Amino acid sequence: MPELPEVEVLARHLAPLLIGKVIHGVTVRRAKVIAPLSPLQLIRRVRGATIQALSRRGKYLVFQLQPLPPKGECSTLLGHLGMTGRMYVRPADRPLPRHAAVIFSLGRQNLVFEDQRYFGRITFATAVLRRLGPEPLGPEFTAAYLRAALQRSRQAVKVKLLDQSLVAGIGNIYANEALFRAGISPFLPAKELSSSQVHRLRQSIRLVLAEAIAGGSTVPLDWAGTQGKDRLFYFGRAAGTPDYYEERLQVYDRTGQPCGRCRHPLKRIVQGGRSTFFCPNCQARIPHRSRATGFKT
DNA sequence: CACCATGTTCCTTG
DNA sequence: CCAAGGAACATGGT
């Protein structure tokens, strides 16, 4: 469940449920998720602390903890959901799911961190934040910044969008969606984007992310994923029911389906070990002069 | 059995 | 030092 929009929606959901709550205890069922701390070290640092604030940076959840009484500095705890992580609040007396990795007790309720693949992390090591690029929806992410950042690389633009030090929070789904929306070939070397392409790409990134946040804020979500499928965000394929997500993604995981713009079959290829989905017609490397592409240059 | 999956880090190689 | 590519991590779906 984790790219910028999902983490943002999750943070907004959890904040009112968690702020002001005291962490009474922690249960660690998968030690690797909290490495390099041991379960005892984590408990020592967290027990009795009050959750003061919850925000997001890139794909990280940022918890501000106030240790015990008025004593001590505020400390920062990071949560990262990896590929399959979930975090949710629910009554403490409910049985734990198979892949519950860390459980914070908040009295009558628990904050559960569950992760099928255990790629997620909970850590006090905040140094990673300093390596993140600007927030794509923030004021620093200007066209001038993006152009300068892309100019230094021959790497394919699709691969660069996944570089968290370039811009924070874009993952494989929204990288694909943003490039499709901008009408830019995923193969185009970063430094070869024209000025107008850089502008379009920046705008597409922002629109794609903002729309996903808006969508995720509107629709009721299944935080604990009890429906079996991942109905939380990406693959809302519930039969019937108002299914906003069904048509939300234009290219991701749509190999062979007709492009929504031109009806060409969408293609899947691999770049940097990750799938790239794109329309070979709308996202051609060299746009056909004779064909009206609809993407202004 | 094969291949694929929303992510990051570490290790090579150039 | 940097850029780029690949494996590893762990589990499950198809």
Side-chain angles (χ1 to χ4, degrees), chain A residues 1-10 29-36 56-61 78-87 97-102 113-123 125-133 136 149-179 186-187 189-191 205 208-209 212-213 215-216 221-223 225 227-237 245 248-256 267-277:
Chain A
M1 112 135 207
E3 289 183 38
L4 183 152
E6 293 76 36
V7 181
E8 176 66 27
V9 171
L10 178 60
R29 299 170 95 219
R30 272 282 172 146
K32 73 162 280 203
V33 164
I34 62 164
R56 177 196 59 75
R57 176 79 172 95
K59 301 172 190 173
Y60 290 89
L61 285 165
L78 297 183
H80 195 291
L81 299 172
M83 295 268 264
T84 52
R86 296 174 173 280
M87 214 178 277
R98 180 192 312 280
H99 297 297
V102 181
F113 176 56
E114 176 189 359
D115 189 354
Q116 185 178 104
R117 290 170 75 178
Y118 303 109
F119 286 179
R121 289 292 180 271
I122 289 179
T123 177
T126 54
V128 284
L129 296 184
R130 286 187 273 112
R131 276 173 250 143
L132 295 180
L150 293 177
Q151 248 167 8
R152 289 183 271 116
S153 176
R154 276 171 300 276
Q155 219 170 16
V157 59
K158 157 68 183 341
V159 176
K160 289 310 280 184
L161 290 184
L162 298 178
D163 178 352
Q164 301 298 296
S165 69
L166 186 96
V167 56
I170 300 175
N172 202 33
I173 291 176
Y174 296 106
N176 282 300
E177 296 296 317
L179 284 169
F187 303 107
K191 58 162 56 171
I205 288 167
V208 158
L209 297 176
I213 292 171
L221 297 173
D222 178 16
W223 300 104
Q227 309 299 314
K229 297 278 189 199
D230 191 342
R231 298 186 56 218
L232 188 52
F233 238 78
Y234 300 119
F235 309 124
R237 287 179 182 140
Y245 301 115
R248 189 167 66 85
L249 302 177
Q250 308 267 303
V251 291
Y252 183 82
D253 201 25
R254 288 182 172 273
T255 311
K267 283 194 65 178
R268 172 190 174 273
I269 53 94
V270 174
Q271 288 178 295
R274 319 274 322 257
S275 287
T276 293
F277 302 91

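Atom set for the values below is all heavy atoms of this structure, side chains included, hydrogens, waters and symmetry mates excluded. Keep in mind that this is a model prediction, so the values were computed, not measured. Numbers restart at 1 for each chain; the letters A, B, ... are given by sequence-line order, proteins then strands.
Remark: the A:Gln164 side chain and the A:Tyr60 side chain contain no N/O donor-acceptor pair separated by less than 3.5 Å. Side-chain polar atoms of A:Ser275 and A:Arg268 form a donor-acceptor pair below 3.5 angstrom.
Within 4.0 Å of A:Ser153, counting heavy atoms only, lie sugar-phosphate atoms of the nucleic acid but no base atom. A:Gly273 comes within 4.0 angstrom of no nucleic acid atom, judged by non-hydrogen atoms across all strands. In this structure, A:Val159 reaches neither bases nor backbone, as no heavy-atom distance under 4.0 Å exists between it and the strands shown. A:Gly272 comes within 4.0 angstrom of nothing in the nucleic acid, heavy atoms only. When heavy atoms are screened at a 4.0 angstrom cut-off, A:Arg152 is found touching no nucleic acid atom at all.
Which of B:dT9, C:dA10, B:dG7 sits closest to the side chain of A:Pro2 comes down to B:dG7. Closest contact between the side chain of A:His99 and the listed nucleotides B:dG7, C:dT11, B:dT8 involves C:dT11. Here C:dT11 is the nucleotide among C:dA4, B:dG7, C:dT11 with the atom lying nearest to any side-chain atom of A:Tyr118.
Here B:dT9 presents its P atom at 10 Å from CZ of A:Arg121, a figure rounded to the nearest Å. Separating the OH atom of A:Tyr252 from the P atom of B:dC4 is a distance of 12 Å, rounded to the nearest angstrom. In this structure, A:Arg56 atom CZ and B:dG7 atom P are separated by 14 Å, rounded to whole Å. Put simply, CD1 on A:Ile170 is 11 Å from P on B:dG7, counting in whole angstrom units. Between A:Leu78 atom CG and B:dG7 atom P there is a gap of 17 Å when expressed in whole angstrom units. Taking atom NZ of residue A:Lys160 and atom C1' of nucleotide C:dC2, one finds them 10 Å apart after rounding to whole Å. Rounded to a whole Å, the CD atom of A:Glu114 is 15 Å from the C1' atom of C:dA10. Rounded to an integer number of Å, the gap from CG of A:Leu162 to P of B:dT9 is 14 Å.
Checking the phosphate oxygens (OP1, OP2) of C:dG13, no side-chain nitrogen or oxygen of A:Gln116 falls inside 4.0 Å. Proximity of A:Arg268 to the phosphate of B:dA5: a side-chain N or O atom is located under 4.0 Å from OP1 or OP2. Note on A:Lys32: every side-chain N or O is 4.0 Å or more away from OP1 and OP2 of C:dC9. Dashed line: the shortest gap from a side-chain N or O of A:His80 to OP1 or OP2 of B:dT8 is under 4.0 Å.
Using modelled atom types, no side-chain atom of A:Gln116 and backbone atom of A:Gly85 make a donor-acceptor pair closer than 3.5 Å. At least one donor-acceptor pair under 3.5 Å links the side chain of A:Asn176 to the backbone N or O of A:Phe277.
The side-chain contact (heavy atoms from CB on, under 4.5 Å) test with A:Leu78 singles out one residue from A:Leu61, A:Val128, A:Ile122, and that residue is A:Val128.
Taking the P atoms as reference points, C:dG6 lies 16 Å from B:dC3, given to the whole Å. Here, B:dT9 and C:dG12 have their C1' atoms 23 Å apart, quoted to the whole Å.
Once the 5.5 Å centre distance and the 30° plane angle are applied, the aromatic ring of A:Phe119 is found not to be stacked with the base of C:dA10.
In this entry C:dA10 has no Watson-Crick or G-U wobble partner, no candidate having both defining distances under 3.5 Å.
The pair A:Glu114-A:Arg86 does not count as a salt bridge, with every side-chain nitrogen at least 4.0 angstrom from each carboxylate oxygen.
Between A:Arg131 and A:Arg117, the residue anchored closer to the 5' end of DNA chain B is A:Arg117, taking for each the nucleotide with the nearest heavy atom.
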